[in-house]
Asks: 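Pasting a structure below so you can have a look.
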Amino acid sequence: MSWLLVLIKSALLLFVVITTFAYAMLFERKIMGWMQLRPGPNRVGPWGLLQPAADAVKMLFKEDLTPSTADPLIYKLAPFISLVSAFGAYAIIPWSEPRPGDIWSIGNVNAGILFIFALTAIGVYGVSLGGWASGSKYPLLGSVRATAQMISYELAMTMSVIGVLIVAGTTSLAGIVHAQQRIWFVIPQLIGFAIYFVTAVAETNRAPFDLVEADAELVAGFHTEYSGLRFGLFFIAEYVNMLTVSCVATLLFFGGWNAPFGWTFIPGIVWFILKVLFFIFCYIWLRATMPRFRYDRLMAFGWKVLLPVATLNLIATAVVVAVKG
Amino acid sequence: MKNGVPRGRMRKHLYNVGALFRGLATVFGFMFMRKPTIGYPSVKKQHAPRFHGLHELRRYGDGKERCIGCELCAIACPANAITVIGAENTPSDRRSPGERYAARYEIDELRCIFCGMCEEACPTDAIVLTPRFEMSDYRRGSFIYAKDRLLVPPEAGVGTPPDERPGGIPADLGEVAEIKSTTDIDKGYSATYRGQILKTQRRGLAG
Amino acid sequence: MTLFWILGVLLVASAVFVISQRKPVYSVVGLLFHFAVLAVFFLTLNAEFLAVIQIVIYSGATLILFVFVIALLSSGVAPFSVGPNRMPKAAIPAGLIAFVALALVVYGILRAPLVNAPRAATTSIPGAVGAPNVFGSVADFGKALFTTHLLPFEMTAFILMVAVIGVVALAGETTPFVPSLRRARIIEREMREALLRGGEE
Amino acid sequence: MNEAALPVAIVNYIALSAVILFIGAAGVMLRRNPLIMLMSIELMWNAANLLFLAFARAWLNNAGHIFAFIVITVAAAEAAIGLAIVVVVFRSAQTVDVDEVASLKG
């Protein structure tokens, strides 16, 4: 009956992630509002708490348009590729470990972090195919930008994460968290963490790296032509990706469910959620503060700054580990 | 140091990184500031008493209309939003103290720029701009305010706004006879169309 | 057993889809699916690391290049939205002959007295996919890559370096635009002189 | 079931690999779109990879994994170069039909 258990876990997690997405969106609008001296959404329900429901209803009932120049099959397929790759990561993210050896996750893959990279790689297709299939020039430009940006930053991201893998000596996410019981990897891998954080923002196409959307130049980038539910799927995918990179940052650099200062009286899952929330807050904070990069600067930054620094960090980590071990 | 920016390439870069974090700190501080936003439909802003909003036609203390149908406001209006058609007072039906009164007084609030020139031009202080500003509607025709909505009702005294009178504004403005005579709400609003009608009507009244 | 046949049928079907599509983008989607199925296939063969690498490198880097080129070249006149679709005239008879040949080959393979039973394990032990330090896991693969098979690993690095240089040499900008102050000054002077000449006439 | 045994006999893997290799070869020979030709070559690489991994699993020797790894690397390099050639050819010839591009012919 293990498959039934997995199914129940998946359904539960799907529900949790969707709800988290909805409230992450509200959280973002609220925080952004406060940072811009506005109250944020406050009309639907108390303090605007029912705003996600209103948005969902609106999105579901909007007309789903397909442009006449679009390639209908790919156009319809692309949002699903985005969504599936965004949700796939949650199959292996470990949430907590209430008792030693009893890890809360759907599946514990040994090559966990690599699996997440694989899914990120698939996620690029949703963006690039969607932009191409829209059959109009802004989405095409947006998708070409997105493809180049995501591939470029994925390299630096992988490099920064490999440092952690070297220190932890394992690719399993749970194993990495176990290795952080004494000290969180953000301290020995501070440069790695900084690079991961920056590349994660770029990877999820959020401000200040939202060149893909760049409202001022590209209307809305790759999803300009999308409307209704299909737009909603892209939208969900973007936020779920943000949650994913926050979860991964927590697992790799902030000790996962390990309690800081030995405050173990608060359960690990709470710590995990708090840390993820902190990262989401940081993303929103960045978005409210930073202006958008210029595209050539973005590529130059990725290839000429982040990648070399990440590689140097990797080499230094390897040398230190080799000398000490 | 020149303009607060340190010299040297490396130092400049470091300064820029510092600037990023200072920016973040500033924005973080903003989060806890008092928000100047007013929760508009539930909380309304109190405008200054001399704010230029919706017009109203006032009366004298004895209930007579101040407007004498001189059309000075219509002439002064830079947006041509006001139409006045005067008529003679008769001993049996005295509307205003003077010889004439405004048989028809209409302001197109879509054209009005709320400059207050009408107010200044009026010799009897009949037309004034009130601080009220909520006039939105779904039909363009309903933005033509005629006497029934502009004139302060007699029972409300000299200057109570029309929408605070006991009956309130008529629910279906499209059925107000005065507006119907000059515009066809169903056909939509057309300034030219309205102008033509008014011209013929004026000619008829004059001749 | 069943899994093998399901995956095998999916593999062959997606491969046929790839070569039979008129639009290259459809082929890309077919190939993406092919790679995904292949990754699952690799998992059934205990090649955990290779399965992930298959997705990361093939789908994430190689195949996205195809999409990139399609998008790059289909801006404007859209030559790649359809692309050339001519088939050689002898396609059908050639295909028939080839199919017969393939059938023979497959028959021959299935009949051949190949060694079916695996010999004793030479390096590592097999185990459940996902378990650490067994055959095909990241640790096992990494150890083999960096100790026994270091030369092939170095060769891949060399091959990639050659590829990078080759691509830059091939498709790199031939005349890069360099915004130079000198050029701007020359243009400005020419414009000023042109204006002055215009004034004299 | 024996932990070391394959799910199915190795000949099945060989046959499957041969079929995919064949489909790939057919794609290269029949199609005239360079992109689809390149993709067909990828299919052939992958057929080889499948066989490498199947044999590696059958003999429990991860040299096959190393070889598959090299194949993936070489395939990536090949695709990058091939696509660069396509882009360059398209820039100069404004066509992508491989039969039209015959300037190297004597």
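Since the model is a prediction, treat every value here as computed from it, not as a measurement. Order of the sequence lines sets the chain letters (A, B, ...), proteins ahead of strands, with each chain counted from 1.
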Asks: Please state whether the side chain, the backbone, both or neither of C/F68 comes within less than 4.5 Å of a heavy atom of chain D.
Replies: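 Contact with chain D involves no heavy atom of C/F68 at all.
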
Asks: I need the minimum non-hydrogen distance between C/I159 and D/A77, along with the two atoms involved.
Replies: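 Heavy-atom minimum between the residues: CG2-CB, 3.9 Å.
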
Asks: Under the side chain to side chain contact (heavy atoms under 4.5 Å, CB included) test, which residues partner C/L65, sequence neighbours left out?
Replies: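 Only D/A80, D/L83 meet the side chain to side chain contact (heavy atoms under 4.5 Å, CB included) criterion with C/L65.
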
Asks: For each of D/L38, D/N46, D/V28, D/L50, tally heavy-atom pairs with chain C at distances under 4.5 Å, and name the one with the top tally.
Replies: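 Of the options given, most contacts go to D/N46.
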
Asks: Please round to the nearest 0.5 Å and tell me the distance separating atom CG of D/L43 and atom NE2 of C/H34.
Replies: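 Here the interatomic distance stands at 5.0 Å.
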
Asks: At a 4.5 Å cut-off on heavy atoms, which part of C/F41 comes close to chain D: side chain, backbone, both, or neither?
Replies: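 The answer is the side chain of C/F41.
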
Asks: For D/E78, is it the side chain, the backbone, both or neither that has a heavy atom under 4.5 Å from a heavy atom of chain C?
Replies: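 Neither; nothing under 4.5 Å.
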
Asks: Measure the CZ-CD distance between C/F66 and D/E42 for me, rounded to the nearest 0.5 Å.
Replies: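 Reported to 0.5 Å precision, the distance equals 5.0 Å.
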
Asks: Considering only heavy atoms, which portion of D/A63 lies under 4.5 Å from any heavy atom of chain C: side chain, backbone, both, or neither?
Replies: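 Contact with chain C involves both backbone and side-chain atoms of D/A63.
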
Asks: Give the C-alpha distance, both sets of side-chain angles, the deciding distance and a yes or no for ring pair (Phe, Tyr, Trp, His ring centres under 6.0 Å) between D/F52 and C/F42.
Replies: CA-CA 10 Å; D/F52 274 128; C/F42 289 178; over 10 Å; no

Asks: Which atoms of C/L145 are under 4.5 Å from chain D, going by heavy atoms: the side chain, the backbone, both sets, or neither?
Replies: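 For C/L145, the contact with chain D is made by backbone and side chain together.
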
Asks: Could you tell me which non-hydrogen atom of C/L45 sits nearest to which non-hydrogen atom of D/R57, and how far apart they are?
Replies: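 Heavy atoms only, the tightest pair is O-CD, 3.3 Å.
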
Asks: Given that the side chain runs from C-beta out, which part of D/L21 has a heavy atom under 4.5 Å from chain C: side chain, backbone, both or neither?
Replies: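 Neither part.
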
Asks: Heavy-atom distance under 4.5 Å to chain D: side chain of C/S20, backbone, both or neither?
Replies: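 The backbone, not the side chain.
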
Asks: State, to 0.1 Å, how close C/V12 and D/L16 come at their nearest heavy-atom pair, and which atoms those are.
Replies: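 Of all heavy-atom pairs spanning C/V12 and D/L16, the closest is CG2-CD1, 3.7 Å.
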
Asks: Please look at D/I23 and chain C and tell me whether the side chain, the backbone, both or neither of the residue comes under 4.5 angstrom of a heavy atom of that chain.
Replies: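 Its backbone and side chain both get close to chain C.
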
Asks: What residues of residues 57-64 of chain C sit under 4.5 Å from chain D when only non-hydrogen atoms are counted?
Replies: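 The stretch touches chain D at C/I57, C/Y58, C/T62.
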
Asks: Considering only heavy atoms and a distance below 4.5 Å, find which of D/F22, D/F67, D/W45, D/F69 pairs most often with chain C.
Replies: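 Top option by heavy-atom pairs under 4.5 Å: D/F22.
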
Asks: Quick check for you: to the nearest 0.5 Å, what is the distance between D/L53 atom CG and C/L43 atom CG?
Replies: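 Going from the CG atom of D/L53 to the CG atom of C/L43 covers 10.5 Å.
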
Asks: Please classify the contact of C/V164 with chain D as side chain, backbone, both or neither, using a heavy-atom distance under 4.5 Å.
Replies: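 Interface part for C/V164: neither.
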
Asks: Report the C-alpha separation of C/Q54 and D/N49 in whole Å, then their side-chain angles, then the decisive distance to 0.1 Å, and conclude whether the side chain to side chain contact (heavy atoms under 4.5 Å, CB included) test is met.
Replies: CA-CA 10 Å; C/Q54 171 82 12; D/N49 257 357; 4.2 Å; yes

Asks: Using side-chain heavy atoms (C-beta onward) and a distance below 4.5 Å, is D/I72 in contact with C/L50?
Replies: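 Answer yes - side chains close enough.
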
Asks: Of all the heavy-atom pairs spanning C/V18 and D/I36, show the shortest one and how long it is.
Replies: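 Reported closest heavy-atom pair: O-CG2, 4.0 Å.
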
Asks: I'd like to know which of D/I20, D/I66, D/I85 tops the heavy-atom pair count under 4.5 Å against chain C.
Replies: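 Heavy-atom pair counts peak at D/I66.
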
Asks: Write down the atom of C/I19, the atom of D/S40, and the distance for their closest heavy-atom approach.
Replies: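 Looks like CG2-OG, 3.5 Å.
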
Asks: So, for C/P24 and D/M39, which heavy atoms are closest and what is the spacing to 0.1 Å?
Replies: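 The pair with the smallest heavy-atom distance is O-CE, 3.6 Å.
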
